[in-house]
Structures are given as structure tokens and as C-alpha cells.
Chemist: 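This structure is in C-alpha cells; I'll ask about it shortly.
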Amino acid sequence: MRTWFRIIGWIVGVVGAILLVLYLGFFDVWTVPVDDPMLSASIVPTLAAGDLVVLTKRTEVSRGNLVRCDDPQAPGRYIIGRAIGRFGDHLEIAGEGHRNPSPRGCDPQTLVVHDPQSSQDVTLSCSVEEYGEMTYMALRSPDHPEPPTKATIDPGRWYLVSDDRHVHVDSRDFGQIDPNTCKHIVYRIESAAGFGDAKKRLSIIW
């Protein structure tokens with residue numbers, strides 16, 4: 001019995017050491033703020049306020065990544081968006097859509113989101129998109145879409161869109177972003193509901 005305890009202790013120690021090295025050298029842990037209603041609305045259905053997530057420690061932005069970047073309009077705070085365009089791209093966002101639809105569907109297919117700007121709840125449709133080798137869910141309003149948006153991306157900049165395309169905080173609001181302020185969100189440890197939320201805990205974000 002004592003031998004088994006030693007083996008288990010050794011395994012726990014090795015795993016702990018590996019996780020510590022990864023944390024110190026490559027990754028960081030961050031809790032999505034709960035005090036920003038617009039940010040909270042803009043990140044659904046992928047994330048939610050209060051989620052505990054893992055992000056890369058080094059600057060890293062690739063097409064389709066969900067990234068956390070410095071808020072250009074509020075020093076010390078962050079924005080979260082999907083990287084969809086970089087220098088030289090000519091973008092057109094029409095009907096709150098953007099990229100290739102996936103044959104997969106959302107579950108559920110609609111979601112009610114509170115819009116802090118209008119102080120009303122809005123029912124949005126959910127669809128799965130594929131872009132930059134990423135597959136993710138996005139929300140949009142089928143009845144009241146925003147006007148089309150066109151943009152040409154400047155040198156050294158990226159264009160972000162919120163996964164909630166209707167109640168958004170993205171480059172349509174604050175302009176193109178400096179990727180040197182961004183970290184790639186890669187994993188959710190637990191949701192705002194806690195580790196008991198089996199559907200969302202320990203989930204890859206990519």
C-alpha cells in the first residue's frame with residue numbers, strides 16, 4: 001500500500017511540474033470579466049462572463065482565432081473577438097454573416113441575449129461557421145440585421161468580429177486592432193456556473 005501511495009505521489013508531482021512549466025512559459029489563466037454587459041453579450045455563444053479560460057502567453061493571431069486584445073478605448077481593459085481579416089484583406093460583412101457555413105447545426109438553434117444598449121432581450125439565430133481551419137458558432141438577427149460593412153485592412157492590423165454579430169463589441173465599433181496586444185484563447189477550464197457544468201468545462205475554444 002505504501003508503494004502505491006509513493007507511485008501516486010510521484011505521478012502527481014510530475015504532472016504538477018509539467019503544468020507549472022507550461023503555465024509559466026506558454027500559457028496564462030484568465031477569468032472573463034463579469035462587470036461589462038456589452039462584452040458579456042458580444043462573446044456568446046462561445047464564452048460567457050465568469051468563464052475561466054486559458055490563453056497563450058505570447059502574441060499569437062491566426063485566421064479564425066478567438067483572441068483577447070487590449071481595449072483601444074479603455075486602457076487596462078480587454079475586448080474579445082474573432083480574427084477574420086489581416087493586412088491586405090478586403091472584407092465585406094453582409095447580413096451579420098461572414099464566412100462559410102458549416103453543415104453542422106447549433107444546439108440550441110436560437111438564443112435569447114440581453115442587449116444593454118436597448119435594455120431589451122433579443123432572440124438571435126445560431127449557425128456554425130468554418131474559417132481558417134476553425135469551426136465555431138455565431139449569432140445573428142434574421143429579422144433586423146445591421147447594414148453591410150466593408151473594410152480594407154491596414155498594415156500591421158487585424159479586423160475582429162464578435163461571435164455575437166448583432167450585439168457586438170468589435171472592429172465595427174473600435175476599428176482595426178494591433179495584434180501585438182492580443183493573446184489566443186485556447187481552452188475553457190470551467191464555465192461561470194462552476195466545474196459542475198459538465199457541458200462547458202474542460203473544452204477547447206480554438
Side-chain angles (χ1 to χ4, degrees), residues 28 30-49 51 53 55-101 113-120 122 124 126-127 129-141 144-186 205-206:
D28 203 355
W30 180 65
T31 301
V32 180
V34 297
D35 61 348
D36 188 338
M38 280 300 298
L39 177 67
S40 300
S42 72
I43 60 178
V44 292
T46 308
L47 295 176
D51 283 359
V53 299
L55 33 76
T56 55
K57 188 162 282 189
R58 64 191 177 97
T59 300
E60 182 177 308
V61 180
S62 299
R63 294 184 186 276
N65 285 168
L66 189 68
V67 293
R68 185 201 74 177
C69 308
D70 291 350
D71 189 331
Q73 298 178 338
R77 299 190 69 88
Y78 300 102
I79 52 90
I80 296 174
R82 185 78 55 179
I84 65 166
R86 62 181 180 181
F87 169 52
D89 287 349
H90 302 280
L91 298 178
E92 181 173 359
I93 302 175
E96 300 180 354
H98 176 62
R99 288 293 170 180
N100 301 327
V113 178
H114 182 73
D115 184 350
Q117 293 181 315
S118 65
S119 298
Q120 295 181 341
V122 292
L124 305 177
C126 179
S127 61
E129 297 181 350
E130 297 176 348
Y131 179 54
E133 300 182 356
M134 306 294 172
T135 301
Y136 52 87
M137 296 183 292
L139 299 179
R140 55 183 49 84
S141 171
H144 305 286
E146 294 195 354
T149 299
K150 295 182 179 181
T152 299
I153 313 307
D154 298 331
R157 298 285 166 170
W158 274 84
Y159 197 97
L160 307 184
V161 295
S162 301
D163 281 349
D164 185 343
R165 303 289 165 72
H166 188 69
V167 188
H168 54 77
V169 180
D170 57 27
S171 289
R172 289 171 287 178
D173 306 298
F174 50 70
Q176 300 167 30
I177 202 78
D178 179 0
N180 291 318
T181 72
C182 300
K183 311 294 182 184
H184 179 196
I185 300 173
V186 296
I205 300 298
W206 293 105

Chemist: So does Ser162 get a backbone contact from the side chain of Asp170, meaning a donor-acceptor N/O pair under 3.5 Å?
Modeler: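 Flag set: sc Asp170 to bb Ser162 pair under 3.5 Å.
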
Chemist: How long is the gap from CG on Asp70 to CD on Gln73, to the nearest 0.5 Å?
Modeler: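 Atom-to-atom, Asp70:CG and Gln73:CD are 13.0 Å apart.
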
Chemist: Return the set of residues passing side chain to side chain donor-acceptor pair (under 3.5 Å) with Ser141 (not counting sequence neighbours), or none when no residue passes.
Modeler: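 Listed in chain order: nothing, the list is empty.
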
Chemist: Output all residues satisfying ring-ring contact (aromatic ring centres under 6.0 Å, His included) with His168, sequence neighbours left out; order by chain, then residue number.
Modeler: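 If we apply the ring-ring contact (aromatic ring centres under 6.0 Å, His included) test to His168, skipping adjacent residues, there are no hits.
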
Chemist: Is there a side-chain contact between Arg140 and Ser127 in this structure, where contact means two heavy atoms from C-beta onward sitting under 4.5 Å apart?
Modeler: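 Arg140 reaches Ser127 side chain to side chain.
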
Chemist: Nearest heavy-atom pair of Leu47 and Ile185: which atoms, and what distance?
Modeler: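 Of all heavy-atom pairs spanning Leu47 and Ile185, the closest is CD1-CD1, 4.1 Å.
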
Chemist: Would you find a donor on one side and an acceptor on the other, under 3.5 Å apart, between the side chain of Asp51 and the backbone of Val53?
Modeler: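 Such a contact is absent between Asp51 side chain and Val53 backbone.
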
Chemist: Looking at every non-hydrogen atom in both residues, tell me the closest pair between Val167 and Pro116 and how far apart they are.
Modeler: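 Closest pair (atom of Val167, atom of Pro116, distance): CG1-CD, 4.1 Å.
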
Chemist: Mind jotting down which residue pairs meet the salt bridge (Lys or Arg N to Asp or Glu O under 4.0 Å) criterion with at least one end in residues 146-158? Sequence neighbours excluded, please.
Modeler: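 Checked against salt bridge (Lys or Arg N to Asp or Glu O under 4.0 Å) - neighbours excluded - the pairs reaching residues 146-158 are Glu146-Arg172.
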
Chemist: Looking only at heavy atoms, which two atoms of Tyr159 and Ala151 are closest? And how far apart?
Modeler: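 For Tyr159 and Ala151, the tightest heavy-atom pair comes out as CE1-CB, 3.7 Å.
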
Chemist: For the atom pair CG (Leu160) and CD1 (Ile177), what is the distance rounded to the nearest 0.5 Å?
Modeler: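 Answer for the CG-CD1 pair, Leu160 versus Ile177, is 6.0 Å.
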
Chemist: Is Phe174 close to Ile79 at the side-chain level, that is, under 4.5 Å between some pair of heavy atoms?
Modeler: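 When only atoms from C-beta onward are counted, Phe174 and Ile79 do touch, with a gap below 4.5 Å.
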
Chemist: With rounding to the nearest 0.5 Å, note down the distance linking OG in Ser171 to CG in Leu91.
Modeler: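 Spacing of OG (Ser171) from CG (Leu91) equals 9.0 Å.
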
Chemist: Taking only residues two or more places apart in sequence or in another chain, which ones pass side chain to side chain contact (heavy atoms under 4.5 Å, CB included) with Met137?
Modeler: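 If we apply the side chain to side chain contact (heavy atoms under 4.5 Å, CB included) test to Met137, skipping adjacent residues, the hits are Pro45, Cys106, Cys126, Val128.
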
Chemist: Decide, yes or no, whether a salt bridge links Asp89 with Arg63 under the criterion of side-chain N to carboxylate O below 4.0 Å.
Modeler: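 A salt bridge links Asp89 with Arg63.
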
Chemist: With sequence neighbours excluded, what pairs up with Ser118 under the side chain to side chain contact (heavy atoms under 4.5 Å, CB included) test?
Modeler: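 Checked Ser118 against side chain to side chain contact (heavy atoms under 4.5 Å, CB included); matches are Asp115, Gln120.
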
Chemist: For Thr31, check side chain to side chain donor-acceptor pair (under 3.5 Å) against everything at least two apart and list the hits.
Modeler: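 Partners of Thr31 by the side chain to side chain donor-acceptor pair (under 3.5 Å) criterion come out as none, since no residue qualifies.
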
Chemist: Quick check: does any side chain N or O of Gln176 sit under 3.5 Å from a backbone N or O of Thr152, one acting as donor and the other as acceptor?
Modeler: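 Such a contact is found between Gln176 side chain and Thr152 backbone.
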
Chemist: Taking only distance into account, with no hydrogens and no angle test, what donor-acceptor pairs under 3.5 Å do side-chain atoms of residues 33-42 form with protein atoms, sequence neighbours excluded?
Modeler:
unit_1, atom_1, unit_2, atom_2, d
Asp35, OD1, Arg77, NH2, 2.8
Asp36, OD1, Met38, N, 3.3
Asp36, OD1, Leu39, N, 3.2
Ser40, OG, Asp36, O, 3.0
Ser42, OG, Met38, O, 3.4
Ser42, OG, Leu39, O, 2.9

Chemist: So, does Tyr131 use its side chain to make a donor-acceptor pair with the main chain of Ile84 at under 3.5 Å?
Modeler: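 Here the side-chain-to-backbone pair exists.
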
Chemist: If you take all heavy atoms of Cys182 and Val67, which pair is closest and at what distance?
Modeler: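 Nearest pair, atom of Cys182 first, then Val67: CB-CB, 4.3 Å.
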
Chemist: Which atom pair, heavy atoms only, marks the closest approach of His144 to His166?
Modeler: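 What the structure gives for the nearest pair is O-CE1, 3.1 Å.
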
Chemist: Mind checking what makes salt bridge (charged side-chain N to carboxylate O under 4.0 Å, His left out) contact with Asp163, not counting sequence neighbours?
Modeler: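 By the salt bridge (charged side-chain N to carboxylate O under 4.0 Å, His left out) rule, Asp163 matches Arg82.
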
Chemist: Mark yes or no for whether Thr181, through its side chain, and Cys69, through its backbone, hold a donor-acceptor pair below 3.5 Å.
Modeler: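 Between the backbone of Cys69 and the side chain of Thr181 there is no qualifying donor-acceptor contact (under 3.5 Å).
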
Chemist: Is Trp158 close to Asn65 at the side-chain level, that is, under 4.5 Å between some pair of heavy atoms?
Modeler: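 No, their side chains stay 4.5 Å or more apart.
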
Chemist: Provide the closest heavy-atom pair for His184 versus Leu66 in the form atom of the first, atom of the second, distance.
Modeler: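 Taking His184 first and Leu66 second, the nearest heavy atoms are CD2-O, 3.4 Å.
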
